[in-house]
Amino acid sequence: MPVTVTTEGASLLRATLDGAELEPFTDQGGGVWTGVAPCFGAVDNGAHVLEVTATRGPLAHVWPPVMFEVAAPAPGDLAWGRLGPSGSTSRRVVATPEGDAIEVGAVLIDGALRPSIRKRRGEDGAEIWAEGTIVLDSREGAVDAVALTPTGEIWVAMNVRQADNKWRPRILLLDAEGHATGVEMPTDAGATVRGIASDDAGGCIAVGFGGSGYGDTDIKVWRMTAEGVAVVSAKGWDHAPNGNEALKHTFDDLAFDVVIKDGVAWVAGASVGEHDGVWTESRGVLVPLDLETGARLDPVSVQEASGGWRHGMYLGAAAHPDGVVVVGYGSTSDGTSQRIELALYDASGARIWWVPEAAADVAYGTGVAVSAHGGVIAGGVVKVGGVLRGVVLGRKGLVYEHKVSSGPEASAVYGVAVDPWDQVFSVGELTSAGVQYARAALVRQ
């Protein structure tokens with residue numbers, strides 16, 4: 001809520017909302033000061049008190065308290081939903097400081113998907129850029145990850161099919177309007193990139209997977225500085241339980257997302273091998289890496305087995321005030337049941353919070369975001385009544401479930417993000433009359 005205060009002779013203005021100090025107000029000149037009283041949706045429903053104090057040296061004047069009410073829509077309500085072109089899909093989304101959404105994925109051109117990006121206005125989902133959806137490469141492929149720099153530039157990570165039919169990662173920096181800047185990470189064919197994060201300086205770290213050369217699959221890491229200097233390209237990481245190097249190359253390791261927290265790059269993925277020394281099982285892993293070199297730090301966290309739920313993966317990660325939160329799935333040993341699983345790990349690698357969702361024939365979490373209040377928002381897919389449904393879940397202080405559709409055709413949510421006021425962007429796809437469309441939405445919180 002915008003707040004304007006008119007003063008005479010004041011040199012400083014302070015304000016509190018329900019006793020908590022607000023961000024400094026801006027002196028607009030002529031005695032006029034402007035600021036905002038933040039309201040984060042339904043979590044702030046009810047009565048509030050704004051108090052303002054103007055000072056000049058030892059002199060102070062306090063306005064009478066201003067009372068107001070917040071009445072926001074219930075969490076999980078749909079504010080708007082927008083479809084992309086026919087045959088398109090959206091993989092990830094990031095929110096801008098202004099509250100708009102940058103959506104990446106692919107559009108169908110001449111019978112093949114091409115990597116694409118678009119920007120949507122937070123208020124109604126309308127496309128903002130004059131070009132609308134921008135195609136980033138003429139080759140077949142898709143943008144699988146996106147990250148914003150502190151100055152508003154856009155890192156994208158895509159996979160494209162070359163003329164020789166080999167797939168190659170492309171990691172490049174776009175300007176704020178979605179156009180190439182000429183900064184691109186050198187890459188080779190043979191690996192897949194799936195996640196990317198921007199550091200405080202505007203550089204990036206990206207993760208994915210590829211062959212190790214020893215018969216197994218390794219996590220791969222790419223790192224480029226804000227100055228456009230390539231540091232590591234497709235550097236491998238291989239799981240070796242308890243530091244036992246003899247077990248290297250006995251596990252297949254994959255990375256699906258990365259987040260930077262306290263100067264450490266945390267990689268969310270999966271490791272397939274004999275975790276308990278008996279059966280080959282897939283487990284989610286959270287791997288801390290040195291941001292500058294890609295070297296492994298300790299400890300590596302491995303998804304815990306729970307009763308008959310012995311398989312799983314981590315497919316998304318986000319920074320949380322208490323550590324790093326991940327989302328993915330757990331599966332029974334025979335693979336007949338799945339469930340979305342959320343977990344929060346602290347800096348020591350200890351799991352300090354865990355939520356398994358209801359079991360279904362198919363259920364997996366794909367992306368995760370964190371609200372200003374520490375709430376956890378997960379996107380995913382659940383099979384309901386024989387049909388795959390995209391879902392957005394509010395957890396850890398949030399209690400809601402939003403389903404993309406209830407009709408006879410399938411949908412999915414692949415990415416979620418929260419805007420500065422905690423409203424939730426979700427992206428994925430929706431099938432209508434047998435045709436697939438990218439779908440973006442704003443879900444109230």
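Predicted, not measured: the structure shown is a model, and the values here were computed from it.
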(Q) Contact between V362 and V382 at the side-chain level, heavy atoms closer than 4.5 Å - yes or no? (A) no
Q | Exercise: identify the closest heavy-atom pair between A378 and L342 | A | CB-CD2, 3.9 Å
Q: Supply the atom-to-atom distance Y329 OH to Q303 CD, rounded to the nearest 0.5 angstrom.
A: 8.5 Å
Q. Quick check: does any side chain N or O of T89 sit under 3.5 Å from a backbone N or O of G105, one acting as donor and the other as acceptor?
A. no
Q. Are the side chain of T16 and the backbone N or O of A20 linked by a donor-acceptor pair below 3.5 Å?
A. no
**Q.** Greater than 12 external heavy atoms within 6.0 Å of R14's CZ
**A.** no
Q. Below 4.0 angstrom, N of the basic side chain to O of the carboxylate: do K235 and D218 qualify?
A. no
(Q) Within the structure provided, determine whether L13 and T7 are in side-chain contact (heavy-atom separation under 4.5 Å). (A) yes
**Q.** By side-chain hydrogen bond (donor to acceptor under 3.5 Å, both in side chains) - contacts of W63 (at least two apart)
**A.** none
**Q.** Check: D253 and V285 side chains under 4.5 Å, non-hydrogen atoms
**A.** no
Q | Exam field: side chain D100 to backbone G122, donor-acceptor pair closer than 3.5 Å | A | yes
Q.
Please evaluate residues R310 and D276 with respect to the criterion salt bridge (Lys or Arg N to Asp or Glu O under 4.0 Å), reporting the C-alpha separation (whole Å), side-chain torsions for both, the decisive distance (0.1 Å), and the verdict.
A. CA-CA 10 Å; R310 303 195 59 85; D276 294 329; 2.4 Å; yes
Q | Nearest non-hydrogen partners of W222 and S233, listed with the distance | A | CD1-OG, 3.4 Å
Can you list, pair by pair, the side-chain donor-acceptor contacts under 3.5 Å of residues 125-136, counting residues two or more places apart and other chains?
from, atom 1, to, atom 2, distance (Å)
E127, OE1, T133, N, 3.0
E127, OE1, T133, OG1, 3.4
W129, NE1, E177, OE1, 3.4
E131, OE2, H179, NE2, 2.5
T133, OG1, R118, NE, 2.8
T133, OG1, R118, NH2, 3.3

Q) Where the side chain of S282 meets the backbone of G312, is there a donor-acceptor pair that is under 3.5 Å apart? A) yes
Q: For the residue pair L50 and L22, establish whether any side-chain heavy-atom pair is separated by less than 4.5 Å.
A: yes
Q: Classify the ring geometry between F40 and H373 as parallel (under 30°), tilted (30 to 60°) or perpendicular (over 60°).
A: perpendicular
Q. Would V183 and L172 satisfy side chain to side chain contact (heavy atoms under 4.5 Å, CB included), going step by step from the backbone distance to the final call?
A. CA-CA 6 Å; V183 176; L172 61 155; over 6 Å; no
**Q.** R120, R121, K119, R82 screened by salt bridge (Lys or Arg N to Asp or Glu O under 4.0 Å) with E103, the one that passes
**A.** R120
Q.
Would the distance check show the side chain of S90 and the main-chain N or O of V427 forming a donor-acceptor pair, the cut-off being under 3.5 Å?
A. no
Q. Under the side chain to side chain contact (heavy atoms under 4.5 Å, CB included) criterion, do I154 and L148 qualify, and how do the steps go?
A. CA-CA 5 Å; I154 309 164; L148 281 184; 3.8 Å; yes
Q) If you round to the nearest 0.5 Å, how far is SG of C39 from CZ of F68? A) 4.5 Å
Q: Start with the C-alpha gap between Q423 and V418, add the side-chain angles, then the distance that decides, and say whether side chain to side chain contact (heavy atoms under 4.5 Å, CB included) holds.
A: CA-CA 5 Å; Q423 307 310 304; V418 294; over 6 Å; no
(Q) When you measure from the side chain of K396 to the backbone of G374, do you find a donor-acceptor pair of N or O atoms at a distance under 3.5 Å? (A) no
(Q) Please check: side-chain N/O of T431 versus main-chain N/O of Q436, any donor-acceptor pairing under 3.5 Å? (A) no
(Q) If you compare all heavy atoms of V324 against all heavy atoms of A317, which two are closest, and at what distance to 0.1 Å? (A) CG1-CB, 4.3 Å
Q. Between CG of L291 and SG of C204, what distance do you get to the nearest 0.5 Å?
A. 10.0 Å
Q: Measure across D422 and S371 and return the closest heavy-atom pair with its distance rounded to 0.1 Å.
A: OD2-CB, 3.2 Å
(Q) When you compare the side chains of N159 and T192, does any donor N or O come within less than 3.5 Å of an acceptor on the partner? (A) no
Q: Taking atom CD of E21 as the centre, report whether more than 12 heavy atoms of other residues, nucleotides or ligands fall under 6.0 Å from it.
A: yes
Q) Distance from T26 atom OG1 to W33 atom CH2, nearest 0.5 Å? A) 8.5 Å
Q) Do V325 and Y345 pass the side chain to side chain contact (heavy atoms under 4.5 Å, CB included) test, and can you show the C-alpha distance, the side-chain angles, and the key distance before you say yes or no? A) CA-CA 6 Å; V325 64; Y345 292 88; over 6 Å; no
Q) Heavy atoms, side chains only, cut-off 4.5 Å: are I117 and V143 in contact? A) no
Q | Candidate list R92, R91, E429, test side-chain hydrogen bond (donor to acceptor under 3.5 Å, both in side chains), partner Y414, passing option | A | E429
Q) Between S88 and A438, is there a donor-acceptor pair closer than 3.5 Å when you use the side chain of the first and the backbone of the second? A) yes
Q) Can you tell me if NZ on K403 sees more than 12 non-hydrogen neighbours from other groups inside 6.0 Å? A) no
Q: Starting from the C-alpha separation in whole Å, work towards a yes-or-no answer on salt bridge (Lys or Arg N to Asp or Glu O under 4.0 Å) for R395 and E401.
A: CA-CA 9 Å; R395 297 294 182 260; E401 298 184 11; 2.8 Å; yes
Q.
Is a donor from one side chain sitting under 3.5 angstrom from an acceptor on the other, for S331 and Q338?
A. no
Q. Can you check whether L286 reaches W266 side chain to side chain, under 4.5 Å on heavy atoms?
A. yes
(Q) So, taking the atom named CE in M313 and the one named CZ in R283, what distance separates them when rounded to the nearest 0.5 Å? (A) 12.5 Å
Q. Hey, is R170 close enough to D144 for a salt bridge, meaning N to O under 4.0 Å?
A. no
Q. Counting only N and O atoms by type, is there a donor-acceptor contact under 3.5 Å from the side chain of S411 to the main-chain atoms of L430?
A. no
Q. Taking only residues two or more places apart in sequence, or in another chain, which ones meet R339 in a salt bridge (Lys or Arg N to Asp or Glu O under 4.0 Å)?
A. E341
Q. Can you list the steps and then say if R296 with D238 is a salt bridge (Lys or Arg N to Asp or Glu O under 4.0 Å)?
A. CA-CA 10 Å; R296 193 199 82 179; D238 198 2; over 6 Å; no
Q) Roughly how far, to the nearest 0.5 Å, is CD of E304 from CH2 of W354? A) 8.5 Å
(Q) Ignoring hydrogens, what is the shortest heavy-atom contact between S198 and A147? Give both atom names and the distance. (A) N-CB, 3.8 Å
Q: Have a look at H402 and tell me which of V391, D77, V424, L78 forms a side-chain contact (heavy atoms from CB on, under 4.5 Å) with it.
A: L78
Q. Below 4.5 Å, heavy atoms only, C-beta onward: do D322 and D346 meet side chain to side chain?
A. no
Q) Can you tell me if T55 uses its side chain to pair, donor with acceptor, with the backbone of G57 under 3.5 Å? A) no
Q) Closest heavy-atom contact between A72 and A42? A) CB-N, 3.6 Å
Q.
In terms of relative ring orientation, are F425 and W80 parallel, tilted or perpendicular, with 30° and 60° separating the classes?
A. tilted
(Q) Quick one about D18 and H48 (side-chain donor to acceptor, distance below 3.5 Å, no hydrogens or angles considered), yes or no? (A) yes
Q) Do V156 and I171 touch side chain to side chain, with heavy atoms closer than 4.5 Å? A) no
